[in-house]
Amino acid sequence: MSDKKPVVIAQISDLHCGSQYHIPSLATRVVDEINELAPDALIVTGDLTDMGFRQEFKVAHRLISRMEVENVLVLPGNHDARNVGDLHFEELFGSRSTELRFRGVRVLGLDSSEPDLDAGRIGRNRYRWIEERFSDPDEFKIVALHHHLLPVPGTGRERNIVYDAGDLLRVLAGSGCDMVLCGHKHVPHVWRLEDMIVVNAGTACSHRLRGMTRASYNILEVTDERVRVILKHPFAEPETVADYARDLRKVCVWQPSDTDQGADTSAEPPSGKCSR
């Protein structure tokens, strides 16, 4: 990432293909705008479909396939986990949890969905994998999942945040995660929690909207010095909604070891943990 050209990532979410609220004209516009943008990566954070039916997945697959991006990461959402939709997802898109690495950026895509449930979780069996994959201190580290990791303003009563959000946040902070990308609530928002940026995406091409929000997606720009989050409504001009200086003093020398599992959390952290 040492060259002057920023790493550009497009994040779209909650397409809801098959829903009465899915708007094909918005979907076509999003495809055209992303192709014009030519980002380094495209991350789709779930709810490709409305009910998890095969035909809905096929429509979503055709839509995403029209976006001419080299690095693509697609995750399922709670709507995709309905009606055993995970079988169709795996056939058309591959593994439900996956990984991307490009231009000094590592993205871990985590399936947070549960069959026929709106709520989600990551699960302790994947914490170790996150820590191992994030052991390189020089990479910009991103985790992507469907369910929101932190409550989102303007979305009403909180009901289905990630069940194990507290434990997951501890794992992410301890392994030097720089950014978390979420969807699910259809309301765009950005939190900064210590040195980690949590970015929620709206719905890219549907009218399943809350309040006065409009269909939108996110554009992320990462350089050695700064991280920018840009909100993009189809047919409208982009709007920078967050612009942070990267903390270049952050050092991660953490290396996973068997002794870290089951350690006494009340004790002082080992010297190998990430420091800021």
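Note that this is a predicted model, so its numbers are computed, not measured.
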Any chain of hydrophobic side-chain contacts (each under 4.5 Å) joining Leu100 to Ile12?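 As far as the 4.5 Å side-chain criterion goes, Ile12 and Leu100 are not connected within one cluster.
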Can you get from Ile43 to Val241 by hopping between Ile, Leu, Val, Met, Phe, Trp and Tyr side chains that sit under 4.5 Å apart?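 Ile43 and Val241: one cluster.
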State yes or no: are the ring centers of His22 and His16 separated by less than 6.0 Å?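 Ring centroids of His22 and His16 are no less than 6.0 Å from each other.
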Using a distance-only test with no angle check, is there a side-chain donor-acceptor pair under 3.5 angstrom linking [X] and [Y]?
X     : Y      : answer
Ser97 : Arg126 : yes
Asp50 : Tyr21  : no
Asp80 : Thr49  : yes
Thr98 : Ser95  : no

[X]/[Y] ion pair, N-O < 4.0 Å:
X      : Y      : value
Arg29  : Asp32  : no
Asp164 : Arg121 : no
Asp138 : Arg106 : no
Arg246 : Glu225 : no
Arg226 : Glu221 : no

Is there a salt bridge (Lys or Arg N to Asp or Glu O under 4.0 Å) between Asp118 and Arg82? Walk through the geometry before answering. CA-CA 9 Å; Asp118 286 335; Arg82 296 176 178 177; 3.3 Å; yes
Kindly confirm or rule out a cation-pi arrangement of Arg228 over Tyr244, judged by NZ or CZ under 6.0 Å from the six-membered ring centre and within 45° of its axis?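 No, Arg228 does not lie over the aromatic ring of Tyr244.
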Apply the side chain to side chain contact (heavy atoms under 4.5 Å, CB included) test between Val180 and each candidate in Leu150, Leu172, Val199, Ile197; give the one that qualifies.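 Testing Val180 for a side chain to side chain contact (heavy atoms under 4.5 Å, CB included) against Leu150, Leu172, Val199, Ile197 leaves exactly one candidate, Leu172.
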Could you tell me whether the side chain of Ser13 and the main chain of Thr45 form a donor-acceptor pair under 3.5 Å?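 Present.
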Is a side-chain N or O of Asn78 found less than 3.5 angstrom from the main chain of Asp116, in a donor-acceptor match?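 It does not hold such a pair.
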Going through the distances and angles, do Asn200 and Val187 end up as a side-chain contact (heavy atoms from CB on, under 4.5 Å)? CA-CA 7 Å; Asn200 282 81; Val187 174; over 6 Å; no
For atom CH2 of Trp129, is the number of surrounding heavy atoms from other residues, nucleotides or ligands below 6.0 Å larger than 12?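 Enclosed: over 12 neighbouring heavy atoms sit under 6.0 Å from CH2 of Trp129.
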Would Lys232 and Glu239 count as a salt bridge (Lys or Arg N to Asp or Glu O under 4.0 Å) here? Give the steps. CA-CA 6 Å; Lys232 184 67 176 69; Glu239 175 189 358; over 6 Å; no
Could you go through Leu15 and Cys205, starting from their C-alpha distance and side-chain angles, then the distance that decides it, and tell me whether this counts as side-chain contact (heavy atoms from CB on, under 4.5 Å)? CA-CA 6 Å; Leu15 312 179; Cys205 50; 3.8 Å; yes
Please identify each residue that fulfils side-chain contact (heavy atoms from CB on, under 4.5 Å) with Asn35, with sequence neighbours left out.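 Checked Asn35 against side-chain contact (heavy atoms from CB on, under 4.5 Å); matches are Val31, Met67, Glu68.
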